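When a ligand or atom number is given, it counts from 1 through the structure's own listing order. Quick caveat, the model's predicted, so the values are computed rather than measured.
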Amino acid sequence: MALRPILIIPEPLLRKASEPVTGIDADLRRLVDDMFETMYEAPGIGLAAIQIGVPRRVVTIDVARQEEPKAPQVFINPEITWASPEMSVYEEGCLSIPQYYEEVERPARVRVRYLDVDGKTQEIEAEGLLATCLQHEIDHLDGRLFIDHLSKLKRDRVMKKFSKVARRDGAA
Ligand code: GNR
Ligand code: NI
């Protein structure tokens, strides 16, 4: 297993759409292991492969509370097949936009079809934090970030702040 650096905005890769996984092999299993290690260390409740620079449609999630046993979940090529008309609001954050939190409104429940690590098609219906997290991660696979759901004013403010930090730190 290996910890991998998490990409931070305005890194252009975060705006790239990820490609579907076509086969589950040793490389993919290693990627999933690295994603969990990186996600738990951050710590975060979800991670999309593109956040560590790998443009593949792979998501890891663990929404268990701190006092609960670990509950790692892997979603390969996830697709939303249904979204509830009812919406819900969560305060979201993103490991690629450190220390910025804002409320986002999304469908309260979603059905998601995906492949598990054995390549078997699965479908789940999620609600609450898992529903929010799945939508946040699937957005990443399409090059979208949670700030895209905010007003242009707020988004521009965040992008400007992080561009300034990147320039100062010599990362962009
Ligand atoms: O750790 C994370 N917490 C979180 C909180 C509310 C809604 C979504 C998330 S996902 C985020 C980790 C991350 O950036 N995943 O892409
Ligand atoms: Ni994120």
Are R106 and Y90 close enough, and set up right, to give a side chain to side chain contact (heavy atoms under 4.5 Å, CB included), and what steps lead you there?
CA-CA 8 Å; R106 300 183 187 267; Y90 263 94; over 6 Å; no

So do the side chains of [X] and [Y] get within less than 4.5 Å of each other, counting heavy atoms only?
{"X": "R4", "Y": "V54", "result": "yes"}
{"X": "E79", "Y": "Y114", "result": "no"}
{"X": "D33", "Y": "L31", "result": "no"}
{"X": "D62", "Y": "I45", "result": "no"}

Neighbouring residues of ligand 1, heavy-atom cut-off under 4.0 Å:
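Ligand 1 is contacted, at a heavy-atom distance under 4.0 Å, by G44, I45, G46, Q51, E91, E92, G93, C94, L95, T132, H136, E137, H140.
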
Is it the case that over 12 heavy atoms from other parts of the model lie below 6.0 angstrom from the CD atom of E67?
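Counting other residues, nucleotides and ligands, CD of E67 exceeds 12 neighbours.
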
Which heavy atom of V158 sits nearest a heavy atom of Y100, and at what distance?
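Nearest heavy atoms, V158 then Y100: CG2-CZ, 3.3 Å.
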
Going by side chain to side chain contact (heavy atoms under 4.5 Å, CB included), Q122 matches just one of D116, I76, V112. Which one?
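Between Q122 and the candidates, side chain to side chain contact (heavy atoms under 4.5 Å, CB included) is satisfied uniquely by D116.
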
Give me the protein N, O or S atoms that fall under 2.8 Å of the Ni ion (ligand 2), sorted by chain and residue number.
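Correct list: C94 SG, H136 NE2, H140 NE2.
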
Looking at Q135, H149, H136, which one forms a side-chain hydrogen bond (donor to acceptor under 3.5 Å, both in side chains) with E92?
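By the side-chain hydrogen bond (donor to acceptor under 3.5 Å, both in side chains) criterion, E92 pairs with just one of Q135, H149, H136: H136.
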
